[in-house]
Amino acid sequence: MTVMALMGATVLLLLAAGFPIALVLGATGVFWTILYNPNYLGGIAHTVFNTASGETLIAIPLFILMGQIVQHSRVAERFYETVARWLAVVPGGLLHANISVSAVFSAVSGSSVATAATVATAALPSLDRLHYDRRLSTGTLAAGGTLGILIPPSIPLIVYGSLVEESIGSLFIAALLPALMTVSLFHIYIFVRALLDPSVAPAGAADTPPISTAAALGNVLPVLAIVLVVLGGIYLGWTTSTEAAALGAFMALLTAAGQRTLTWGMLKTVLGETASLTAMILFIVIGAQIFSFAVYTWGINSDIRQLVGGLPYPPLAIFGIIVVIYLILGMFVDALSLMLMTLAVVHPIIVSLGYDPIWFGIVLVLLLEVGLITPPVGMNLFTIKAVNPSISLKDIAYGSLPFVAIVLFSVAILVMFPEVVLWLPFHI
Amino acid sequence: ADFNWRFVGVNPASHEYSKLLIESFKRIEERTGGALSIEFVTYGETPYKAVDALTLVRDGLIEMTEWVPAYNASTYPLLAGPQLPFLMKELLSVEDFQKATDAAWQTETIASYKDGILGDHGAVSLATGYYDPINLWFTGTVTDMDGIVGKKVRAFSPEQAEFLSAAGASPVNISAADAYTGLQRGVIDGVFTGAAAVVAFKWNEVLKSGFATNVLLLSLDEIVSEARLNELPEDVRAVLLEEMDSVEAEIRATMPKISAAKLDQLKADGFTITTPTPELYAKFHEIAVEHVYPQWAERGGEQAKEVLADLGIELK
Amino acid sequence: MTSPAKRFERAALALSSILLAVLFALLLTDVVLRALRIEFFWGSEGGGVLMAWIIVLALPMVTRTRSHIATDFIAALLPPRGGIALRIAGHVLMLAYLGTLVWLCADLAERNFLGGVRSQGILRLPVAYVQFGIVAGLVLVMVSQVLLLVEDARALVTRGAPS
Ligand code: NA
Ligand code: NA
């Protein structure tokens with residue numbers, strides 16, 4: 001127990017010094033392994049080799065590639081314009097477009113930051129022009145972006161599945177209903193807010209020249225085709241999740257080519273950025289695995305199992321404590337890093353409490369979503385600010401607050417009705 | 001305790017073999033007056049992979065572990081010899097199949113080859129056992145040779161892949177974690193595995209039929225670092241060796257029972273289990289002799305031909 | 001002195017990009033060939049090898065462009081010189097970490113290599129390709145890290161302003 005606390009303190013100390021998270025986790029792992037017994041250092045080499053050549057992680061670069069291709073073409077702007085036009089008549093107007101377009105782009109992107117950046121770039125100009133409420137409009141964009149890691153494909157879910165050895169396909173399928181539920185709750189909230197105070201969402205998005213139905217479909221269908229190939233590929237069994245990623249990237253290439261945005265230079269940029277992002281993410285995963293090697297070496301896993309087994313509290317209370325810890329840490333640490341630095345300790349607890357690991361994967365992602373939109377460190381808040389620097393972080397954070405509550409409400413529903421997660425993967 | 005060891009198992013703690021090991025570790029601790037304590041953990045709890053069992057022992061990272069030789073057959077092709085598909089000339093009872101496979105491991109070429117590998121890694125095998133027979137399973141109802149044609153089946157060795165190709169099916173390589181979803185959604189139509197694994201991985205939820213046809217017996221060894229073993233005082237070592245001998249006997253006695261029980265369970269679940277006719281088994285054996293063994297002999301070199309001769313297989 | 005360095009980082013990233021394109025092509029081929037019932041193991045088995053190379057070859061550029069994710073809001077509160085000093089400490093720790101990984105990985109790769117060429121999977125791909133590739137890549141990352149250290153050390157000495 002003492003060792004566990006000291007290891008945690010080492011991580012927090014190095015984290016506060018502003019060192020790269022990959023270094024923080026990896027160096028802590030090396031340091032504590034040496035303290036245990038330098039003879040076990042050799043195990044770290046096994047860890048590095050196993051992680052770097054892990055076959056299940058291959059889906060990561062391919063899903064990033066797909067998202068990058070979409071981001072670098074003009075697909076998103078056109079899609080947003082069309083959907084905004086269609087939703088203009090509903091109370092809440094463009095705010096609904098923010099959420100539904102985020103949801104759709106979440107299905108072609110594995111990361112929340114990429115989703116938020118893509119949609120915010122397309123949406124912010126219109127929202128400004130039509131005088132939508134600043135807080136609510138940026139809040140919907142930041143919160144909508146968090147769907148990127150919930151709606152498959154999801155990089156955190158791939159990493160989770162790979163580390164705890166659960167089927168990534170099952171995790172993706174399990175995420176569908178909770179995602180649908182959360183998206184609906186977002187829409188309901190916007191609808192009610194707009195009914196109560198119509199000034200937050202002034203009517204009329206149609207201040208741009210009308211476009212033909214054919215043109216509108218041309219803007220929307222290619223994106224839906226990518227989504228269909230990825231989700232359909234996994235859900236209907238044409239492909240494994242890794243191959244779905246490859247097919248999705250291929251579809252994105254076709255779409256970009258169809259819209260004449262595919263160039264040699266764009267391809268070069270996209271491949272380079274994908275390789276860099278992959279390296280950055282996997283370097284963190286390697287660090288996290290070295291950290292969990294130290295956790296394993298010290299026998300902390302079995303200590304935790306014994307400790308949790310002996311606690312006089314019901315599982316729900318322990319689960320509640322874990323949720324609170326994630327909310328606090330989520331204020332400061334980015335989503336993937338947070339998952340990687342906690343999984344070695346939290347996963348054994350969850351399993352010994354009797355929770356299903358697939359269910360927990362989805363709940364965990366919802367908790368990570370909250371961290372993306374809570375200050376002071378909220379990657380999606382930063383992303384919206386980066387797209388339009390004139391907006392204050394405070395406004396974005398305030399605007400996101402109601403959505404924090406909604407996501408937590410979703411978590412509560414999943415706790416009460418685990419079938420929402422477990423029904424699709426195991427019964428259909 | 002004077003000696004605190006970890007045993008890293010391939011099977012989960014709930015597996016029958018793991019239970020036998022855990023029981024014996026308890027007895028060892030009692031009988032040595034607490035001098036030797038062996039903690040059971042599984043590969044899933046470690047950052048290691050079961051394919052690295054030998055190098056982990058070699059590098060002093062693990063005192064004791066389970067080694068599945070088939071996992072290293074890619075590096076040491078001869079290890080595939082006693083577990084080539086359809087090695088026996090006729091369909092045997094599970095008990096006799098276990099004896100025949102064990103005899104194949106005991107042939108001189110194979111036995112010294114395996115000991116050599118263990119020796120190179122500073123490891124010693126304390127017990128050798130076998131999993132219940134690997135069989136062929138399908139998501140649809142398949143009862144004959146024709147049904148296999150065109151099916152996409154998960155294979156985990158070159159020999160299995162070659163057999164499938166020769167039988168008109170297509171071998172697919174997907175990870176064990178993806179296999180459930182793969183079967184469920186039709187990415188693959190079948191798998192090579194044992195009845196116990198079908199139940200353990202919940203693949204029975206997505207599979208419908210199988211052949212009880214003794215494709216092969218996968219062997220496993222409980223191995224220990226020679227250096228760690230030699231450190232033990234003589235009396236403690238004697239207890240360990242004795243206990244592992246009895247674990248070996250227990251595992252071998254348990255295997256046919258597990259096989260029968262799991263097959264019964266699957267039948268009760270509504271599985272169509274086909275026991276092949278002598279003609280169908282002979283057909284399987286013939287495909288293996290013609291299309292699988294020659295390629296294996298190629299990979300294994302001169303020694304592989306010796307092994308086949310020792311096993312009474314004549315290549316055409 | 002940074003220009004040849006930048007050239008090697010760019011070249012490594014370009015190579016990584018090409019390998020990524022190869023991985024992409026292999027997996028697409030896998031889907032198509034399986035639909036045609038043709039056996040093909042390169043997608044799943046070759047992927048692991050490519051993945052390892054893609055990562056280590058792209059890491060030097062990630063290092064150079066300071067793209068590693070960090071929680072730097074506390075460090076940002078420090079005066080400029082303190083910030084740089086802390087950054088330098090980070091570079092030194094990173095070098096020590098990378099050096100340890102190189103040493104440990106090279107040791108295991110060598111031992112595996114000397115103990116007979118290990119191979120894996122149905123294709124029997126030699127694991128040495130992966131293992132020595134990772135070691136070589138990590139050495140390249142160390143070079144980029146040293147250059148970054150020099151850059152920040154100069155900034156600390158000459159201006160005390162963030163570079
Ligand atoms: Na997504
Ligand atoms: Na946060």
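Throughout, a chain's letter reflects where its sequence line sits, starting with A, and its residues are numbered from 1.
Between atom CG of residue Asp107(C) and atom CG of residue Asp59(B) there is a gap of 7.5 Å, rounded to the nearest 0.5 Å. Asn112(C) contributes atom CG, which lies 7.5 Å from atom CG of Asp52(B) (distance to the nearest 0.5 angstrom).
Contacts between Asp120(B) and chain C at a heavy-atom distance below 4.5 Å are absent for every atom of the residue. At a 4.5 Å heavy-atom cutoff, the contact between Tyr76(B) and chain C is made by side-chain atoms alone. Both the backbone and the side chain of Val187(B) come within contact range of chain C, with heavy atoms under 4.5 Å apart. Proximity to chain C is limited to the backbone of Ser157(B), based on heavy atoms less than 4.5 angstrom apart.
The 12-atom threshold is not exceeded at CD of Glu298(B), counting heavy atoms of other residues, nucleotides or ligands nearer than 6.0 Å. By the neighbour-count criterion of 12 heavy atoms within 6.0 Å, atom CH2 of Trp5(B) is densely surrounded, having more than that number from other residues, nucleotides or ligands. Other residues, nucleotides and ligands contribute at most 12 non-hydrogen atoms within 6.0 Å of the NZ atom of Lys283(B).
Using a 4.5 Å heavy-atom cut-off against chain C, no residue of residues 219-228 of chain B qualifies as contacting.
Taking each heavy atom of Arg58(B) and Arg111(C) in turn, the nearest pair found is NH1-O, 3.5 Å.
Considering only residues two or more places apart in sequence or on other chains, Thr101(B) meets the side chain to side chain contact (heavy atoms under 4.5 Å, CB included) condition with Met88(B), Phe97(B), Trp105(B), Tyr130(B), Leu217(B).
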